[in-house]
Amino acid sequence: EVSAASAAVTELQNREAAIRDWAEQVQQDPQWPAIVLQLGMAGQQQQTAQAARDAWMKLAGEPLGGDPVLVMCDGTGEEERIFIRGNHRNPGAVAHRHLLTALDEGRQLSDTATSGRLELAERVLAESNPFPARVVVNRVWMRLSGRGIVASADNFGVLGETPTHPELLDYLAAEFRQDGWSLKRLIRRVLLSRTYGMSSEADAAVTEQDPDNRLLHKARVRRLEGEALRDSMLAISGRLDRTAFGPPVPVHLTAFMQGRGRPGNSGPVDGAGRRSIYLGVNRNFLNPFMLTFDMPQPASTVVRRSQSNVPAQALILLNNEFVHEQAKVWAEQLLAQTQTADELLDRAWRQAFCRLPEAGEREAVRAYAAALSAAGDGGADRALRDAAAVADVCHALLNKKELLFLD
């Protein structure tokens with residue numbers, strides 16, 4: 001057997017043919033290339049192959065750079081049997097590997113010698129299977145508008161809800177495929193649509209016919225997630241650190257966060273200004289601010305977050321130390337960047353709400369600052385130069401519904 005392999009190697013002159021022959025021999029007997037090299041039977045390729053083997057062994061003995069990670073290797077194909085009544089000691093018929101029967105009628109793999117992962121992936125993304133593109137498009141639509149075209153985003157089956165706009169779903173799915181599965185192009189297409197740009201104000205007659213807004217006659221009012229709200233406060237106060245990547249910031253531990261496994265170190269109140277995606281997550285000591293605004297428990301995946309509107313959210317905005325800290329930082333920034341009370345109010349409204357304050361809002365804030373400030377007897381203009389009063393004003397603005405909800 002070894003002599004036959006040696007003859008096959010030495011007689012081949014074509015490199016591609018030699019590589020194919022080596023691959024076939026290796027598949028039959030993984031040990032034979034090492035034997036061929038050790039006995040010097042690789043002909044003119046012996047020196048090159050030996051040098052490559054020596055270089056490979058040298059590199060294999062050196063420590064790898066970077067962090068070690070788990071990788072998936074493609075192994076041999078293994079067919080499983082059906083266990084009768086779940087008993088592994090009572091095997092039944094062989095359950096051949098195949099895609100879901102509803103998608104391709106249970107057609108078996110063409111190559112049973114390999115694991116079949118690649119072939120199954122190709123079948124999932126085949127042109128004949130519209131479901132992956134529909135699922136992705138529906139979830140992006142749900143994320144952008146608050147409700148999917150198919151409301152049951154995790155169930156496209158007969159027990160799920162029917163799409164409100166099936167033609168729109170198919171159109172977006174087709175465009176998504178043609179764009180090379182580009183999420184950026186998909187998001188751009190939705191954001192530039194007339195539907196996404198609609199106002200949340202509705203006509204009474206239309207609302208009577210479509211009370212749940214299933215037909216999208218207006219925009220849906222949605223509350224910001226805890227992460228977006230926290231990042232918005234950091235951006236408004238000027239404290240947001242936009243640096244990408246890096247290690248996570250340890251969670252800030254309050255006096256009430258006690259129990260087994262409590263970390264030895266506590267992170268800063270504002271998370272060092274990093275975006276919420278970089279905050280560390282400890283499943284036993286979760287961020288109270290995020291939990292109040294419906295952050296899912298990090299124990300399993302969820303398709304859609306709950307959207308509650310409960311008194312605890314108003315209370316944490318009034319009392320949370322992170323919110324108080326950002327109000328003070330914002331106040332210091334406003335006082336340093338403005339000279340008069342009107343400039344301060346204009347800048348505050350632009351930073352928080354992207355607009356100027358209305359006359360009634362301006363007068364209400366002036367009266368509020370004068371009532372809070374120790375210098376209130378000098379008028380609202382003098383009160384709005386007092387650091388403590390301005391911090392209270394900023395705190396009140398961070399509690400406005402206009403900041404919490406997308407209208």
For the [atom1] atom on [X], are there more than 12 heavy atoms of other groups (residues, nucleotides or ligands in this structure) within a distance under 6.0 Å?
| X | atom1 | result |
| --- | --- | --- |
| F405 | CZ | yes |
| R355 | CZ | yes |
| I277 | CD1 | no |
| R188 | CZ | no |

Sidechain-backbone polar pair: [X] side chain, [Y] backbone, donor-acceptor under 3.5 Å:
| X | Y | result |
| --- | --- | --- |
| R220 | N213 | yes |
| N287 | H252 | no |
| E208 | A205 | no |
| E79 | R97 | yes |
| S145 | R147 | yes |
| N129 | L125 | no |
| R89 | F83 | no |
| S182 | D179 | no |
| N138 | G148 | no |
| R222 | L144 | yes |

Yes or no on salt bridge (charged side-chain N to carboxylate O under 4.0 Å, His left out) for D381 and R366, after CA distance, side-chain angles and deciding distance? CA-CA 8 Å; D381 289 341; R366 284 174 171 273; 2.7 Å; yes

Closest contact, heavy atoms only, [X] versus [Y]:
| X | Y | result |
| --- | --- | --- |
| L335 | A387 | CD1-CA, 3.7 Å |
| A219 | M198 | CB-O, 3.2 Å |
| G273 | L234 | O-CD1, 3.9 Å |
| V393 | A369 | CG2-CB, 4.1 Å |
| E227 | M295 | OE2-CG, 4.1 Å |
| Y171 | R189 | OH-NE, 4.1 Å |

Taking the side chain as every heavy atom from C-beta outward, state whether [X] and [Y] have any atom pair closer than 4.5 Å.
| X | Y | answer |
| --- | --- | --- |
| L317 | F289 | yes |
| M257 | T254 | yes |
| N282 | P263 | yes |
| Q297 | L286 | yes |
| Q326 | I236 | no |
| H165 | L216 | yes |
| P357 | D346 | yes |
| L397 | L403 | no |

If you measure from the Lys or Arg side-chain nitrogens to the Asp or Glu carboxylate oxygens, is any gap between [X] and [Y] under 4.0 Å?
| X | Y | value |
| --- | --- | --- |
| R143 | E225 | yes |
| E332 | R239 | no |
| K218 | D210 | no |

With rounding to the nearest 0.5 Å, note down the distance linking [atom1] in [X] to [atom2] in [Y].
| X | Y | atom1 | atom2 | value |
| --- | --- | --- | --- | --- |
| Q209 | D203 | CD | CG | 9.0 Å |
| S128 | R123 | OG | CZ | 9.5 Å |
| L344 | L384 | CG | CG | 6.0 Å |

List the steps, then state whether side-chain contact (heavy atoms from CB on, under 4.5 Å) holds for D170 with R134. CA-CA 7 Å; D170 283 346; R134 287 177 179 172; 2.9 Å; yes

Distance-only polar pair, side chains of [X] and [Y], donor-acceptor under 3.5 Å:
| X | Y | result |
| --- | --- | --- |
| E105 | H98 | no |
| Q351 | Q333 | yes |
| D342 | T340 | no |
| R385 | T338 | yes |

Under 6.0 Å from the ring centre and within 45 degrees of the ring axis: does the NZ or CZ of R230 meet both conditions for the six-membered ring of F322?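 Pair R230/F322 counts as cation-pi.
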
Find out whether the Lys NZ or Arg CZ of R274 is both under 6.0 angstrom from the six-membered ring centre of Y278 and within 45° of the ring's axis.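 So R274 does make the cation-pi contact.
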
Stepwise, does the side-chain contact (heavy atoms from CB on, under 4.5 Å) test hold for L183 with R185? CA-CA 5 Å; L183 286 174; R185 293 185 179 181; over 6 Å; no

Any pair counted as ring-ring contact (aromatic ring centres under 6.0 Å, His included), so long as it reaches residues 180-199, sequence neighbours left out: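 The answer is F176-W181.
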
As a quick check of understanding, evaluate side-chain contact (heavy atoms from CB on, under 4.5 Å) for D241 and R275, giving each step before the final call. CA-CA 7 Å; D241 180 0; R275 287 180 292 167; over 6 Å; no

Dump the intermediate steps for salt bridge (charged side-chain N to carboxylate O under 4.0 Å, His left out) on R214 and E161, then the final yes or no. CA-CA 12 Å; R214 292 172 57 87; E161 296 194 32; 3.7 Å; yes

Parallel, tilted or perpendicular: which describes the rings of H395 and H324, with under 30° parallel and over 60° perpendicular?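 H395 and H324: tilted rings.
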
Working for side-chain contact (heavy atoms from CB on, under 4.5 Å), residues L279 and M290: CA-CA 11 Å; L279 294 182; M290 298 297 185; 4.1 Å; yes

